[in-house]
Amino acid sequence: MPQTPLLTGMLVSRGYNKNLYQSQNQTKEEGCGNAGLCYRDNTLVSGSLEALIHHLVPSMDYYPDMTYSFTFLLSSRLFIHPYELMSKVCHLCVEQQRLSDPQADKMRIRKLAPKILQLLQEWTEMFPYDFRDERMMRSLKELTQCMASGDELYRKVVQQMIQVLIRKLTTLSQYEEALVKVNATATDRLTVLKAKPQSIQRDMLSVCNDPFTVAQQLTHIELERLSYIGPEEFIQAFEKKDPLDNDKSCFSDHKKASNLEAYVEWFNRLSFLVATEICMPVKKKKQRARVIEFFIDVARECFNIGNFNSLMAIISGMNMSPVSRLKKTWSKVKTAKFDILEHQMDPSSNFYNYRTAFRGATQRSRTANSTREKIVIPFFSLLIKDLYFLNEGCSNRMQNGHVNFEKFWEMAKQVSEFMVWKKVECPFEKDRKILQYLLTAPVFSEDTLCLASYDSEGPENNMEKDRWKSLRSTLLSRV
């Protein structure tokens, strides 16, 4: 049987497959065997869901390539709940391979059990959040118990696998609890700020005035939050009903993590924090200009590190209208460095400059000797956008009802690249004081930012004057 492409090969290029958008309209069945799987140039391009499930399950003389396992486990949730897939896999393993038969050949079980255990190990390692579902965990324990019942070695492997899985799920729960506490602290501080707008005693520069150190701490936050995003969360972001089952949404009752949303919220927080630091009403023009220059330097250090997400969040904060309208303040800023950064992150030509710089960072990462050079943190919103358009650009099903697996190879390739980036350990020393400030310092809302901006530099035209009056009126009515 033709082999699926190697994982390393999938990671070489970020370019879309040029044939991808043509293949979905082709009904040609060349390369389709009796197993219900279709190949082109020795690459699996489509198949029925049942055939793809069978292709996942090991046999005496077959084991699925790891790239296939990852791609199918990632994409299958668009068509079937993970717990239903696990149930089918268990059934095929036990019934078809006669594992439950007391008369089954012991040698046969000894040859097959390691393969099934390996598949389950890959599943628990690649998609641990699936096992937050009690039905998944129950099926896992039933199948592993069936294989481990007569062999001490397998019992130890199973025990270790489940212990590792439980540790991962416990760590995730602890992380989620920590996020709740951090967000609660930020909310409490914002409440104080609303009651007493002049109560801000500290700003970023009073906490740390070294741009490089702040960029390092931002990288700590980015890498920690990236590390908790499960690959399946990208697929869940594109929730749709399977066209073959109009009443069934595959995500409605099994979304087990919201780390992707938490990461997007962090980007927004950083943008608003930068704008808040600049627009604080207690500052004078010279102080505001110094804050702008400081964040420009932080953004430049983020670029040098390979932290493109923080870089874009900082630029976004400085491009918010309450900041960009402060002409008197900007006149005191040396903007040459900012112009270079804006050029790098210019959205024109589908972010061509950013993509060029990002390719350079990923190439550096692949050949890096030090952990510091391995850091690649993508501009996350653009990564999501790329996956979104790939998802929208071609259908999940072929005209004959087959799963369009060629599409999912491409999606899996991009998600697996992300999986490499998120595993990098941050090499910088943590500074708890700076981290606490970045995560919990109160930030102004959009309306409050506008008011602070007008307080700093008064309205210049009728539109701004009307906006200023409307905001003041709204604010007074809330008091």
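Values reported hereafter were calculated over all heavy atoms of this structure, with side chains retained and with hydrogens, waters and symmetry mates removed. When a residue number appears, it is its place in the shown sequence, counting from 1.
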*Check side chain to side chain contact (heavy atoms under 4.5 Å, CB included) between D339 and all other residues, then give those that pass, not counting sequence neighbours.*
T335

*asked:* The criterion is side chain to side chain donor-acceptor pair (under 3.5 Å); which residues satisfy it with D210, sequence neighbours excluded?
replied: T213

*Side chains of S473 and W468: does their closest heavy-atom pair fall under 4.5 Å?*
no

*Kindly say whether L439 contributes a backbone atom to a donor-acceptor pair with the side chain of R269 at under 3.5 angstrom?*
yes

*asked:* Pair R290, L205 - check side-chain contact (heavy atoms from CB on, under 4.5 Å), show working.
replied: CA-CA 9 Å; R290 186 175 166 227; L205 285 171; 4.1 Å; yes

*Quick one: are K465 and N462 in side-chain contact, heavy atoms under 4.5 Å?*
yes

_Quick check: do N404 and N396 have side-chain heavy atoms less than 4.5 Å from each other?_
no

*For the residue pair F234 and F380, categorise the inter-ring angle as parallel (less than 30°), tilted (30 to 60°) or perpendicular (more than 60°).*
tilted

*Validation row: F70, F127 side chains within 4.5 angstrom (heavy atoms)*: yes

*Is a donor on one side and an acceptor on the other found under 3.5 Å between the side chain of N353 and the backbone of M345?*
no

_Shortest non-hydrogen contact from Q217 toward I434_ = CG-CG2, 3.8 Å

*Does any donor atom in the side chain of E233 or N259 lie under 3.5 Å from an acceptor atom in the other side chain?*
yes

*Have S445 and T448 got a donor and an acceptor in their side chains that come within less than 3.5 Å?*
yes

*Under a 4.0 Å N-O cut-off, is there an ion pair linking E464 with R325?*
yes

_Reported CE-to-CG distance for the pair M86 and L73, which is rounded to 0.5 angstrom_ = 9.0 Å

*Is there a donor-acceptor pair under 3.5 Å between the side chain of R364 and the backbone N or O of I375?*
yes

*Decide yes or no for P58 and Y63: does some side-chain heavy atom of the first lie under 4.5 Å from some side-chain heavy atom of the second?*
yes

*May I ask you to decide whether R132 forms a salt bridge with E176, counting only side-chain N to carboxylate O separations under 4.0 Å?*
yes

*Measure the CD1-OG1 distance between I305 and T219 for me, rounded to the nearest 0.5 Å.*
4.0 Å

*Please check if the side chain of H220 supplies one atom and the backbone of F428 the other of a donor-acceptor pair under 3.5 Å.*
yes

_Centroid-centroid under 6.0 Å between Y68 and F405 rings_ = yes

*Between the side chains of N309 and E222, is a donor N or O closer than 3.5 angstrom to an acceptor N or O?*
yes

*Nearest 0.5 Å, what's the NZ-OG distance between K407 and S395?*
6.5 Å

*H55 and F72 aromatic centres sub-6.0 Å*: no

*Verify the distance criterion only: is there a donor paired with an acceptor across the side chains of D203 and S206 at less than 3.5 Å?*
yes

_Between R472 and D447, does any side-chain N to carboxylate O distance fall below 4.0 Å?_
no

_Check against side-chain contact (heavy atoms from CB on, under 4.5 Å), T124 and V164_ = CA-CA 9 Å; T124 58; V164 170; over 6 Å; no

_Contact summary for S453 and P322, nearest pair of heavy atoms_ = OG-O, 2.7 Å

_Strictly distance-based, threshold 3.5 Å: is any side-chain N or O of E277 a donor or acceptor partner for the main-chain N or O of M204?_
yes

*Do any N or O atoms from the side chain of W421 and from the backbone of L223 form a donor-acceptor pair under 3.5 angstrom?*
no

_I'd like to know if the side chain of S331 reaches the main chain of K328, judged simply by a donor and an acceptor atom lying under 3.5 Å from each other, with no hydrogens or angles considered._
yes

*side chain to side chain donor-acceptor pair (under 3.5 Å) between E342 and N319, worked out*: CA-CA 10 Å; E342 276 207 307; N319 280 330; 2.9 Å; yes

*Chi angles and distances behind the ring-ring contact (aromatic ring centres under 6.0 Å, His included) call for Y228, Y175*: CA-CA 8 Å; Y228 284 97; Y175 167 71; 3.8 Å; yes

*So, R138 and D133, do they make that salt bridge, N to O below 4.0 Å?*
no

*asked:* Can you confirm whether more than 12 heavy atoms, excluding those of E429, are under 6.0 Å from its CD atom?
replied: no

*asked:* For M161 versus T144, what's the shortest heavy-atom pair and its separation?
replied: CE-CG2, 3.7 Å

*Check whether any side-chain heavy atom of I377 sits under 4.5 Å from a side-chain heavy atom of S310, and report yes or no.*
no

*Evaluate the side-chain proximity of R288 to V333: yes if any heavy-atom separation is below 4.5 Å, no if none is.*
no

*For residues C279 and A452, report the shortest heavy-atom separation together with the two atoms involved.*
O-CB, 3.3 Å

*asked:* With a 6.0 Å cut-off (strictly less than), is the heavy-atom count around NZ of K332, excluding the residue itself, greater than 12?
replied: no

_Going by side-chain contact (heavy atoms from CB on, under 4.5 Å), I278 matches just one of L273, V291, L449. Which one?_
V291

*Does one side chain, of S365 or E373, offer a donor that lies under 3.5 Å from an acceptor on the other?*
no

*Identify the heavy atoms of R372 and P427 that sit nearest to each other, and give their distance.*
CA-CG, 3.8 Å

*For F267 and S316, work out which heavy atoms get closest and say how close.*
CZ-OG, 3.8 Å

*asked:* Show me the pairs that pass ring-ring contact (aromatic ring centres under 6.0 Å, His included) and involve residues 310-329, at least two apart or across chains.
replied: none

_Candidates Q121, M419, M66 - the one meeting side-chain contact (heavy atoms from CB on, under 4.5 Å) with M126_ = M66

_Could you check whether any side-chain N or O of T71 sits under 3.5 Å from a backbone N or O of F408, counting only pairs where one atom can act as donor and the other as acceptor?_
no

*Show your working on side-chain contact (heavy atoms from CB on, under 4.5 Å) between K285 and W330 and close with a plain yes or no.*
CA-CA 9 Å; K285 284 192 289 289; W330 280 97; over 6 Å; no

*asked:* Does E446, at its CD atom, have more than 12 non-hydrogen atoms belonging to other residues, nucleotides or ligands within less than 6.0 Å?
replied: no

_E122 side-chain N/O to L119 backbone N/O, donor-acceptor pair under 3.5 Å_ = no

*Checking side-chain contact (heavy atoms from CB on, under 4.5 Å) for the pair L85/W123: CA distance, chi angles, key distance, verdict?*
CA-CA 12 Å; L85 176 61; W123 195 336; 3.9 Å; yes

*Within a strict 4.5 Å, meaning less than it, do heavy atoms of the D130 and Y83 side chains meet?*
no

*Is N461 reaching over with its side chain to a backbone N or O of M463, donor-acceptor style, under 3.5 angstrom?*
yes

*Candidates F358, F308, F303, F351 - the one meeting ring pair (Phe, Tyr, Trp, His ring centres under 6.0 Å) with F379*: F351

*Modelled atom types, side-chain donor and acceptor of N307 and E301, under 3.5 Å*: no

*asked:* Once rounded to the nearest 0.5 Å, what's the spacing between atom CG of N350 and atom CZ of F389?
replied: 8.5 Å

*Ion pair present between E84 and R135, side-chain N to carboxylate O less than 4.0 angstrom?*
no

